[in-house]
Amino acid sequence: MTADASDAVEIRNALLRLRRVTGLPVAFGGLMEAGRQMRISELSGTATDALRSFVVTSGNGLGGKSVVLARPCVVTDYSASRQISHEYDAPVAVEGLRSVLAVPVVVRHGVRGVLYGALRTALPLGGRMLEAAVEAARDVERALVVRDEARTLAAGGGAGAGWEQVREAHTALRALAPRIADPELRDELLEACALLTAGSASPNGSASPAGVRPTPREVDVLACVAAGATNAVAAERLGVTPETVKGYLRSAMRKLRARTRGEAVVAARRAGWLP
């Protein structure tokens with residue numbers, strides 16, 4: 001999937017969150033380009049432009065190693081480390097960086113970018129900092145998944161196939177939302193979900209009683225059921241127990257005046273709860 005300027009914004013926001021949460025003085029990162037290269041495009045807290053637009057090749061340096069392994073990598077003293085190659089020592093030295101971590105942004109088993117955090121002293125980067133960097137990378141991953149889905153829908157084929165893609169995207173995004181730690185990003189994703197249901201209500205009116213609205217979790221469960229998921233599968237996707245799924249489904253069915261799961265899905269679509 002080709003990156004664009006909006007994808008770079010997600011990297012930039014993640015770097016700001018990473019510095020705010022960890023207190024790391026420097027963070028930087030970028031997205032993969034065609035081939036095996038990653039370009040550092042976003043800088044936060046840097047004192048020079050030595051790293052701006054710098055191209056990192058897969059396998060080289062700390063970031064390149066992280067790309068190849070698709071996992072976080074850390075060094076306590078970059079220039080002296082025997083764990084990495086040293087093609088990029090010069091710009092790192094100009095910026096005065098010593099301890100550095102690199103975390104890949106992995107989307108659907110492919111590395112799409114790298115986030116770095118760094119100190120200007122040779123001190124161990126603790127587990128809390130690494131965990132925060134991994135979570136920041138996951139936030140970027142989730143945002144890129146949303147953007148990829150939107151691009152896929154925009155480029156979709158016929159009306160029937162396109163509508164099924166809308167429904168699949170809605171289900172996937174609703175399942176992702178509860179796992180997003182950043183509240184602003186979570187709200188943005190749920191707003192995107194609401195756009196997918198806009199205009200889907202039946203012209204003959206809502207199938208649910210006037211003024212009755214679903215809870216977010218009831219919509220999550222109905223979206224899973226509409227995709228054919230069993231209670232157990234829905235529970236796994238949503239991170240709850242099967243009994244909890246049953247409770248939300250029963251509540252939604254009462255509101256929709258539905259007697260079966262199938263009737264609930266049809267009624268939810270007529271009511272505009274689902275696309």
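This is a predicted model, so every value here is computed, not measured.
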Evaluate side-chain contact (heavy atoms from CB on, under 4.5 Å) for Val56 paired with Tyr116, printing each intermediate quantity in order. CA-CA 12 Å; Val56 175; Tyr116 297 82; 3.9 Å; yes
*asked:* Around atom CD of Gln37, are there more than 12 heavy atoms from other residues, nucleotides or ligands closer than 6.0 Å?
replied: yes
Test item: Cys73 and Leu69 side chains (from C-beta on) under 4.5 Å apart, heavy atoms = yes
Notebook entry, point to check: Are Leu256 and Leu222 side-chain neighbours, meaning at least one heavy-atom pair lies under 4.5 Å?
Noted result: yes
CG (Asp139) and CD (Glu184) are apart, to the nearest 0.5 Å, by 11.0 Å
Exercise. Between Ser41 and Ser53, is there a donor-acceptor pair closer than 3.5 Å when you use the side chain of the first and the backbone of the second?
Worked result: no
- Under 3.5 Å, is there a donor-acceptor pair between the side chain of Arg12 and the main chain of Phe28? no
Would a single hydrophobic cluster contain both Leu62 and Phe54, if residues Ile, Leu, Val, Met, Phe, Trp and Tyr are joined by side-chain heavy-atom contacts under 4.5 Å?
yes
Practice item. Consider only side-chain N and O atoms of Glu95 and Thr48, and report whether a donor and an acceptor are under 3.5 Å apart. Key: yes
inquiry  = Whether Arg112 and Glu141 form a salt bridge (side-chain N of Lys/Arg under 4.0 Å from carboxylate O of Asp/Glu) is what I want to check.
reply    = no
Lys246/Glu243 salt bridge by N-O under 4.0 Å criterion:
yes
Separation between CZ (Arg19) and CG (Leu15), nearest 0.5 Å, reads 9.0 Å
CZ (Arg20) and CG (Leu24) are apart, to the nearest 0.5 Å, by 13.0 Å
Next on the checklist: The test is side-chain contact (heavy atoms from CB on, under 4.5 Å); show your working for Arg36 and Asn60 and say whether it passes.
Outcome noted: CA-CA 10 Å; Arg36 294 165 48 83; Asn60 293 347; over 6 Å; no
Note to self: Quick one, Val114 and Val105 - any side-chain contact, counting heavy atoms below 4.5 Å?
What the structure shows: no
* To do: Measure from the side-chain N and O atoms of Thr22 to the backbone N and O of Met129, and report whether any donor-acceptor pair falls under 3.5 Å.
  => no
Practice task
Determine whether Val107 and Ile11 fall in the same hydrophobic cluster, where Ile, Leu, Val, Met, Phe, Trp and Tyr are linked whenever their side-chain heavy atoms lie under 4.5 Å apart.
Solution key: yes
Is it true that Leu51 and Leu101 fall in one hydrophobic cluster, defined by side-chain heavy atoms closer than 4.5 Å?
no
- prompt: Looking at Glu218 and Lys255, does any basic side-chain N land under 4.0 Å from a carboxylate oxygen?
  reply: yes
Worksheet entry | Steps toward side-chain contact (heavy atoms from CB on, under 4.5 Å) verdict (Met38, Leu31) | CA-CA 6 Å; Met38 186 273 297; Leu31 295 161; 5.8 Å; no
side-chain contact (heavy atoms from CB on, under 4.5 Å) test vs Tyr88 passes for just one of Val55, Thr57, Ile40, namely Thr57
Interatomic distance, CG@Asp220 vs SG@Cys224, rounded to 0.5 Å, equals 7.0 Å
- Query: Is it true that Val134 and Leu125 fall in one hydrophobic cluster, defined by side-chain heavy atoms closer than 4.5 Å?
  - Reply: yes
### Task
Please assess Ser85 against Glu87 for the test side-chain hydrogen bond (donor to acceptor under 3.5 Å, both in side chains), listing each intermediate value before the final yes or no.
CA-CA 6 Å; Ser85 61; Glu87 293 84 356; 2.5 Å; yes
Check your understanding: How far apart are the C-alpha atoms of Val103 and Leu130, what are their side-chain angles, what is the distance that settles it, and do they pass the side-chain contact (heavy atoms from CB on, under 4.5 Å) test?
Key -> CA-CA 8 Å; Val103 179; Leu130 186 57; 4.2 Å; yes
- Query: So do Leu238 and Arg217 actually touch side chain to side chain, heavy atoms under 4.5 Å?
  - Reply: yes
request  = With the side chain counted from C-beta on, respond yes when Asn13 and Arg17 share a heavy-atom pair under 4.5 Å apart, and no when they do not.
outcome  = yes
**OP:** Report yes if some heavy atom in the side chain of Leu123 is under 4.5 Å from a heavy atom in the side chain of Thr76; otherwise report no.
**Re:** no
Can you label the angle between the Tyr78 ring and the His86 ring as parallel, tilted or perpendicular, going by 30° and 60°? perpendicular
Is Leu18 reachable from Leu43 through a run of I, L, V, M, F, W or Y residues, each pair having side-chain heavy atoms under 4.5 Å apart? no
- Item | pair Arg98-Leu119: side-chain heavy atoms closer than 4.5 Å | no
In this structure, OG of Ser66 is separated from CD1 of Ile84 (nearest 0.5 Å) by 11.5 Å
Min side-chain heavy-atom separation Val67-Met32 under 4.5 Å
yes
